[in-house]
Participant: 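One structure follows; several queries about it will come next.
Residue numbers run from 1 in the order of the sequence given. The model shown is predicted, which means the values in this text are computed figures rather than measured ones.
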Amino acid sequence: MNAGHLRERLDQKRREHHEAELSATEFARQEARERAYASKARAIASSGAPAGVPTDSIVVEHHESQAVTAAREADLWRRRATELRGEMAVIEALLVLAERHGDDKSGGTAKTEKLRVLMLGAGPEGELRVGREQARIRAAVHAATHRDWVEIDPHPAATTEHLLTGLTRFRPHVVHFSGHGSKELLFFERDIDVRHYGAAVTAKAFARTLAAVDEPPRLVVLNSCASAPQAAKLIDTVPFAIGMSDSIEDMDAITYAAGFYAALCEGQSLRGANAVGKAAVELEGLTDHDLPTLFHAPHLDPGTTYLVRPPSGDARLP
């Protein structure tokens, strides 16, 4: 399937997704209206209105029934929107790979893109070595066989503005975040020159930001403590995500990241690169080698997905 056909399918899915979200919103509003009407009718019935008027209870039951029906429809449309997001993620991943491996809209040969990595590091309290991590990653990429096919945009004191600008201007295939995090939060820096607690960004806000751009990234790496639950939820937005299943030591996180990108730039699959990164941690005698966890969208196989494949290499699509 060439890139042109994939673009057409993606446009159609985007239209369907937009319509599904509009329908879900409208039915949710209808549910709220019907419940408000039922509540008002119930209040009238209990406020000393003339007894024996049968219409009060009938009106309440009618509006409650309408509310239940609207709620059911809203839920169905939300589920459809979620399904469409997953289908869009699969098509987007296939489109990027098709474009990078030579299929253009007319079936000819397209220019192969470099893999673009937006690297965001945040250590507002000063105790994390995010600069060291980025230096190790860049050194690993520079030493790799396919270094000329990777472009890195590093931000060692990343703010939310760096995230927004990076997504829209740099259009990364990979977003890598290193810093403090949890199951529900990521901590970016503020644009000030002293140590501080950072700017807390919720998992939902982060995911919505990734989904807001026309070309969401293909992979998100959350190199932060207990970020696996966030990564798992990101699969509704991006095809692949990596997070840590528990708190991870700074040196373990740095070693994993360097090993992961070194393997990726040697032409290893996503699954292979993740395994190599974990092996690098274990070979150093560090304890957190089992924490990096790779998640992927349904119907995509990280074992057959290669993010760095120069034109001379064998293109293996998922």
Participant: Indicate yes or no: at least one non-hydrogen side-chain atom of His146 is less than 4.5 angstrom from one of Leu115.
Facilitator: no

Participant: How close do Ala257 and Ile137 get, heavy atom to heavy atom, and via which atoms?
Facilitator: CB-CD1, 3.7 Å

Participant: Starting at CG of Leu222, measure out to CZ of Phe295 and round the result to the nearest 0.5 Å.
Facilitator: 10.0 Å

Participant: Can you give me the closest heavy-atom contact between Pro239 and Ala89, atom names plus distance?
Facilitator: CG-O, 3.4 Å

Participant: Can you confirm whether Ser269 sits close enough to Leu307 that some side-chain heavy atom of one is under 4.5 Å from a side-chain heavy atom of the other?
Facilitator: no

Participant: Evaluate Thr69 against Arg72 for side chain to side chain contact (heavy atoms under 4.5 Å, CB included), listing each step before the verdict.
Facilitator: CA-CA 5 Å; Thr69 300; Arg72 187 181 301 115; 4.2 Å; yes

Participant: As a quick check of understanding, evaluate side chain to side chain donor-acceptor pair (under 3.5 Å) for Ser65 and His62, giving each step before the final call.
Facilitator: CA-CA 5 Å; Ser65 175; His62 169 75; over 6 Å; no

Participant: Sequence neighbours left out, what pairs pass side chain to side chain donor-acceptor pair (under 3.5 Å) with at least one residue falling in residues 224-238?
Facilitator: Glu184-Lys233

Participant: Within the supplied structure, the quantity of interest is the number of heavy atoms (other residues, nucleotides, ligands) at a distance under 6.0 Å from Gln12 CD; does it exceed 12?
Facilitator: yes

Participant: Do you know the tightest heavy-atom contact between Val90 and Ala297?
Facilitator: CG2-CB, 4.5 Å

Participant: Nearest 0.5 angstrom please: Glu61 CD to Arg42 CZ, how far?
Facilitator: 10.0 Å

Participant: Going through the distances and angles, do Val221 and Val175 end up as a side chain to side chain contact (heavy atoms under 4.5 Å, CB included)?
Facilitator: CA-CA 6 Å; Val221 180; Val175 171; over 6 Å; no

Participant: Can you name the residues that form a side chain to side chain contact (heavy atoms under 4.5 Å, CB included) with His289, not counting sequence neighbours?
Facilitator: Val281, Glu282

Participant: Check the surroundings of atom CZ in Arg129: do more than 12 heavy atoms from other residues, nucleotides or ligands lie under 6.0 Å from it?
Facilitator: no

Participant: Strictly distance-based, threshold 3.5 Å: is any side-chain N or O of Arg190 a donor or acceptor partner for the main-chain N or O of Gly198?
Facilitator: yes

Participant: Can you list, by chain and residue number, the hydrophobic cluster partners of Val276 when the side-chain cut-off is 4.5 Å?
Facilitator: none

Participant: When rounded to the nearest 0.5 angstrom, what is the spacing between CD in Glu133 and OG1 in Thr255?
Facilitator: 9.5 Å

Participant: Charged N to carboxylate O below 4.0 Å: is that the case for Glu83 and Arg80?
Facilitator: yes

Participant: Run the side chain to side chain contact (heavy atoms under 4.5 Å, CB included) check on Glu161 and Asp191 step by step: do they pass?
Facilitator: CA-CA 9 Å; Glu161 184 63 27; Asp191 192 15; over 6 Å; no

Participant: If I take atom NE2 from residue His296 and atom CG from residue Leu294, how far apart are they, to the nearest 0.5 angstrom?
Facilitator: 6.5 Å

Participant: Any heavy-atom pair between the side chains of Ile242 and Tyr256 that's under 4.5 Å?
Facilitator: yes

Participant: Are Leu76 and Val68 grouped together when hydrophobic residues (ILVMFWY) are joined by side-chain heavy atoms under 4.5 angstrom apart?
Facilitator: no

Participant: Check the hydrophobic clustering (I, L, V, M, F, W, Y; side-chain heavy atoms under 4.5 Å; chains of links allowed) and say if Ile248 and Met251 are grouped together.
Facilitator: yes

Participant: Do His162 side-chain atoms and Thr159 backbone N/O form a donor-acceptor pair below 3.5 Å?
Facilitator: yes

Participant: Can you check whether Tyr261 and His176 have ring centres sitting under 6.0 Å from each other?
Facilitator: yes

Participant: Please report the interatomic distance CG(Asp288) to OG(Ser245), rounded to the nearest 0.5 Å.
Facilitator: 8.5 Å

Participant: Once side chain to side chain contact (heavy atoms under 4.5 Å, CB included) is applied, do any residues pair with Arg208, and if so which ones, sequence neighbours excluded?
Facilitator: Lys204

Participant: Okay, side chain of Thr293, backbone of Leu291: is any donor-acceptor separation there less than 3.5 Å?
Facilitator: yes

Participant: Let's go through Arg85 and Thr82 carefully: what are the C-alpha distance in whole Å and the side-chain angles of both, what is the deciding distance for side chain to side chain donor-acceptor pair (under 3.5 Å) to 0.1 Å, and is it a yes or a no?
Facilitator: CA-CA 5 Å; Arg85 280 198 298 271; Thr82 299; 3.1 Å; yes

Participant: Determine whether a donor-acceptor pair (N or O, by modelled atom type, separation under 3.5 Å) exists between the side chain of His63 and the backbone of Arg35.
Facilitator: no

Participant: For His180 and Phe187, I'd like to know if the aromatic rings sit close, meaning centre-to-centre distance below 6.0 Å.
Facilitator: no

Participant: Do Leu163 and Thr209 come close enough that some side-chain heavy atom pair is under 4.5 Å?
Facilitator: yes

Participant: Under 4.5 Å between side-chain heavy atoms, hopping through other hydrophobics if needed: is there a path connecting Val201 to Val213?
Facilitator: yes

Participant: Measuring from Glu64:CD to Ser39:OG, what's the distance to the nearest 0.5 Å?
Facilitator: 9.5 Å

Participant: Hey, is CZ on Arg147 packed in by over 12 heavy atoms from elsewhere, all under 6.0 Å?
Facilitator: yes

Participant: So do Arg116 and Val174 actually touch side chain to side chain, heavy atoms under 4.5 Å?
Facilitator: no

Participant: For Glu215, what residues pass the salt bridge (charged side-chain N to carboxylate O under 4.0 Å, His left out) criterion, not counting sequence neighbours?
Facilitator: Arg171

Participant: Keeping to residues at least two apart or across chains, list the salt bridge (charged side-chain N to carboxylate O under 4.0 Å, His left out) pairs with something in residues 254-281.
Facilitator: Arg271-Asp301

Participant: Looking at Asp153 and Leu118, would you say the former's side chain and the latter's main chain have a donor-acceptor pair under 3.5 Å?
Facilitator: no

Participant: Tell me the closest heavy-atom pair linking Asp252 and Leu286, and the distance in Å.
Facilitator: OD2-CB, 3.1 Å

Participant: Contact between Leu264 and Leu270 at the side-chain level, heavy atoms closer than 4.5 Å - yes or no?
Facilitator: yes

Participant: Taking the six-membered ring for Trp and the full ring for Phe, Tyr or His, determine whether the centres of Phe177 and Phe206 are under 6.0 Å apart.
Facilitator: no

Participant: Linking I/L/V/M/F/W/Y whenever their side-chain heavy atoms sit closer than 4.5 Å, directly or via other members, would Met244 and Met119 fall into one cluster?
Facilitator: yes

Participant: Between Glu34 and Ala70, is there a donor-acceptor pair closer than 3.5 Å when you use the side chain of the first and the backbone of the second?
Facilitator: no

Participant: Could you tell me whether the side chain of Arg14 reaches within less than 4.5 Å of the side chain of Met88, counting heavy atoms only?
Facilitator: yes

Participant: Quick one: closest heavy-atom pair of Ala24 and Arg78, and the distance?
Facilitator: CB-CG, 3.8 Å

Participant: Is any NZ, NE, NH1 or NH2 atom of the basic residue among Lys114 and Glu151 found under 4.0 Å from an Asp or Glu carboxylate oxygen of the other?
Facilitator: no

Participant: Looking only at non-hydrogen atoms, find the nearest pair between Val150 and Cys265 and report the distance.
Facilitator: CG2-SG, 3.5 Å

Participant: Is any side-chain N of the basic residue among Arg33 and Glu26 closer than 4.0 Å to the acidic one's carboxylate O?
Facilitator: yes

Participant: Is it possible for you to say whether Phe240 and Leu6 belong to one hydrophobic cluster, with membership spreading through side-chain heavy-atom contacts below 4.5 Å?
Facilitator: yes

Participant: Quick one: does Leu120's side chain get under 4.5 Å of Phe188's, heavy atoms only?
Facilitator: yes

Participant: Would one find more than 12 heavy atoms of other residues, nucleotides or ligands at under 6.0 Å from atom CZ of Phe170?
Facilitator: yes

